Amino acid sequence: MELCDFGKRSGLKVAPVSIGAMRLPNDCLDSVELVRHAIDSGMKYIDTSRGYGESEFKLGRALRDGYREKVILSTKSSPWIKKIKDEDDGSSDSIRRRIDEALLRLDVDYLDFYQVWNINSPEAWENATKKGGMVDGIKQAMKEGLVRHTGFTTHEKPENLMEYLPQADWCEVVLISYNLLSRTYEEVLAKAHELGIGVIVMNPVGGGKLVEESPVLKKIAEEVGAESNAELAARYVLSNPNVDTILCGMTKLSDVDSTIAASEKPKFTADQIDRINEYFGKLSREEVKFCTNCGYCQPCPAGINIPGIMSALYDSRILGFKKAAERTYVRVTKDISPEACTKCGKCESICTQGLKIINELKQSMLEFPDQG
């Protein structure tokens, strides 16, 4: 794989596909084999976290025998996502302790990146950037040579990120979600690129959903010359000039090989991108007049997760993701089944799309008969 600038601020080069270490195999030796295969295949950047189970320990073992020198290693934390100890308050001192801990768990002398994990609200932004906060703690570790670069990951509202980025002179990279079914952050990607901030994309295949068989995706994939739904998804993201690298969530060797193969295919042309956007635009929740996940129907008096059930129906009916829809349905009906509906009608009276929700809840039990 050819390397490209990892933004302008970091001064680093990165491959178009990087290692996402959230879903490594349970077995440590399998993880070592997988990570080393990815590195040998050209991947350089590694994204992990203390919150990803035993990921840091597995990576520590995988990066022995000269592999540490081949990669750009990044980990992250924040107390609002995962509090390790009671004293974790986002202060510079507390984050400094977490950095020392990460060095031990990863069995390395320094980290290429230590990032603020998931800035997802104005309060999180304030906590991270205030005097004596997380960013100050990371900067101190940088002065001591324990960390070389920093940045943040996010699921924050795009309009807020457009305000944060120009203020973040300390930020060298940002990790953000983007795929052909979720283009919410396109403007943010462009702003980050303009400012010289490296752009890493998580969920390029929708957390695995876009890899599944779907006649809906297959149709447009064939039209634009992609050999599979997964290739369509990966090439779509990599065709965005504001994206530097995508994370490959790896559980098996074929995940590495197929994603790299997709990255080596030609980028989609502007006309192909327009066609893909037009195709999925016609399938959007608004266009098909289905649940938009506005949440106005919540809370349901009976405790039913109405938006979750409607999402499962949308994935199944409109996008053709049967397996993903079943998984969603199982998750959102685990505690309270749609059978609990009392037909009070409160949800229907406030639904912005005028949907017959009571009937849809009944239909969901027929569409997922063995999943409730």
Side-chain angles (χ1 to χ4, degrees), residues 14-24 38 43 45-49 51-53 55 74-76 78 81 115-120 151-158 161 173-190 192-193 197-214 216-217 221 226 228-240 242-252 254-256 258-260 262-263 268 273 276-277 280 283-285 293 308 311-312 314-315 319-321 323-325 327-328 331-332:
V14 71
V17 181
S18 294
I19 297 171
M22 183 180 183
R23 301 182 178 90
L24 294 177
M43 295 189 191
Y45 182 79
I46 300 176
D47 172 84
T48 188
S49 168
Y52 296 166
S55 173
S74 177
T75 191
K76 54 190 181 287
S78 68
I81 299 300
Q115 299 183 68
V116 181
W117 189 13
N118 197 0
I119 290 179
N120 56 10
F152 68 95
T153 77
T154 185
H155 293 280
E156 172 65 301
K157 294 178 181 178
L161 288 170
V173 298
V174 63
L175 173 61
I176 200 161
S177 182
Y178 174 65
N179 57 63
L180 56 77
L181 291 180
S182 179
R183 299 168 52 206
T184 308
Y185 292 106
E186 277 187 343
E187 185 180 23
V188 178
L189 303 181
H193 182 77
I197 298 171
V199 174
I200 313 156
V201 166
M202 58 178 142
N203 301 319
V205 292
K209 180 164 71 175
L210 297 173
V211 175
E212 294 183 10
E213 287 299 318
S214 163
V216 179
L217 258 70
S228 66
N229 295 344
E231 182 188 308
L232 169 71
R235 286 175 63 189
Y236 179 87
V237 176
L238 288 169
S239 296
N240 187 320
N242 299 314
V243 173
D244 296 316
T245 189
I246 63 174
L247 293 184
C248 174
M250 308 181 310
T251 58
K252 54 188 183 300
S254 60
D255 294 333
V256 173
S258 62
T259 308
I260 290 177
S263 76
F268 289 130
I273 291 293
I276 294 169
N277 290 342
F280 285 105
L283 298 175
S284 70
R285 293 168 181 266
N293 268 326
S311 288
Y314 174 78
D315 282 350
L319 299 180
F321 293 121
K323 292 181 180 179
R327 290 196 299 271
T328 298
R331 175 172 54 81
V332 301

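Heads up: numbering here begins at 1 and tracks the sequence. None of these values were measured; they are calculated from a predicted model.
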Quiz item: Given side chains that start at C-beta, do those of Leu232 and Ile276 come closer than 4.5 Å, heavy atoms only?
Solution: yes
Self-check item: Minimal non-hydrogen separation, Pro16 against Leu238, with atom names
Solution: O-CD2, 3.6 Å
Quiz prompt | Side chain Asn242, main chain Leu189, donor-acceptor under 3.5 Å | solution = no
Quiz item: Between Val17 and Thr259, which heavy-atom pair has the shortest distance, and what is it?
Solution: CG1-CG2, 3.6 Å
Quiz item: Taking all non-hydrogen atoms of both residues, which atom of Asn293 and which atom of Ser311 are closest, and how far apart?
Solution: ND2-OG, 3.2 Å
Quiz item: Can you name the residues that form a salt bridge (charged side-chain N to carboxylate O under 4.0 Å, His left out) with Lys252, not counting sequence neighbours?
Solution: Asp255
Quiz item: Are Trp117 and Leu175 side-chain neighbours, meaning at least one heavy-atom pair lies under 4.5 Å?
Solution: no
Practice problem: Taking the side chain as every heavy atom from C-beta outward, state whether Thr154 and Asn120 have any pair of such atoms under 4.5 Å apart. | Solution: no
Quiz item: Does some side-chain heavy atom of Val201 sit less than 4.5 Å from a side-chain heavy atom of Thr245?
Solution: no
Quiz prompt | Considering all heavy atoms, the nearest Leu210-Pro204 contact | solution = CD1-O, 3.8 Å
Quiz prompt | Residues, nucleotides or ligands: over 12 heavy atoms within 6.0 Å of Glu187 CD | solution = no
Quiz prompt | Ile176 side chain near Val188 side chain, heavy-atom distance below 4.5 Å | solution = yes
Exercise. May I ask you to test the Lys76-Val116 pair for a side-chain heavy-atom distance under 4.5 Å?
Key: no
Quiz prompt | Asn118 side chain reached by Glu156 side chain, heavy atoms, under 4.5 Å | solution = no
Quiz item: Would you say the side-chain atoms of Ser214 pair up with the backbone N or O of Leu319, donor to acceptor, closer than 3.5 Å?
Solution: yes
Exercise. Quick one: closest heavy-atom pair of Ala230 and Val211, and the distance?
Key: CB-CG2, 4.0 Å
Practice problem: Would you confirm whether Tyr185, through its side chain, and His155, through its main-chain N or O, come within 3.5 Å as a donor-acceptor pair? | Solution: yes
Self-check item: Main-chain N/O of Glu212 paired to Asn229 side chain as donor or acceptor, under 3.5 Å
Solution: yes
Quiz prompt | Residues that Arg331 engages under salt bridge (charged side-chain N to carboxylate O under 4.0 Å, His left out), provided they are two or more places apart | solution = none
Quiz item: With a cut-off of under 6.0 Å to the ring centre and 45° to the axis, is Arg183 in cation-pi contact with Tyr178?
Solution: no
Quiz item: Does Met22 reach the side chain of Ser55, with side-chain heavy atoms less than 4.5 Å apart?
Solution: no
Quiz prompt | Minimum heavy-atom distance Ile273-Ser239, with the two atoms named | solution = CD1-CB, 4.0 Å
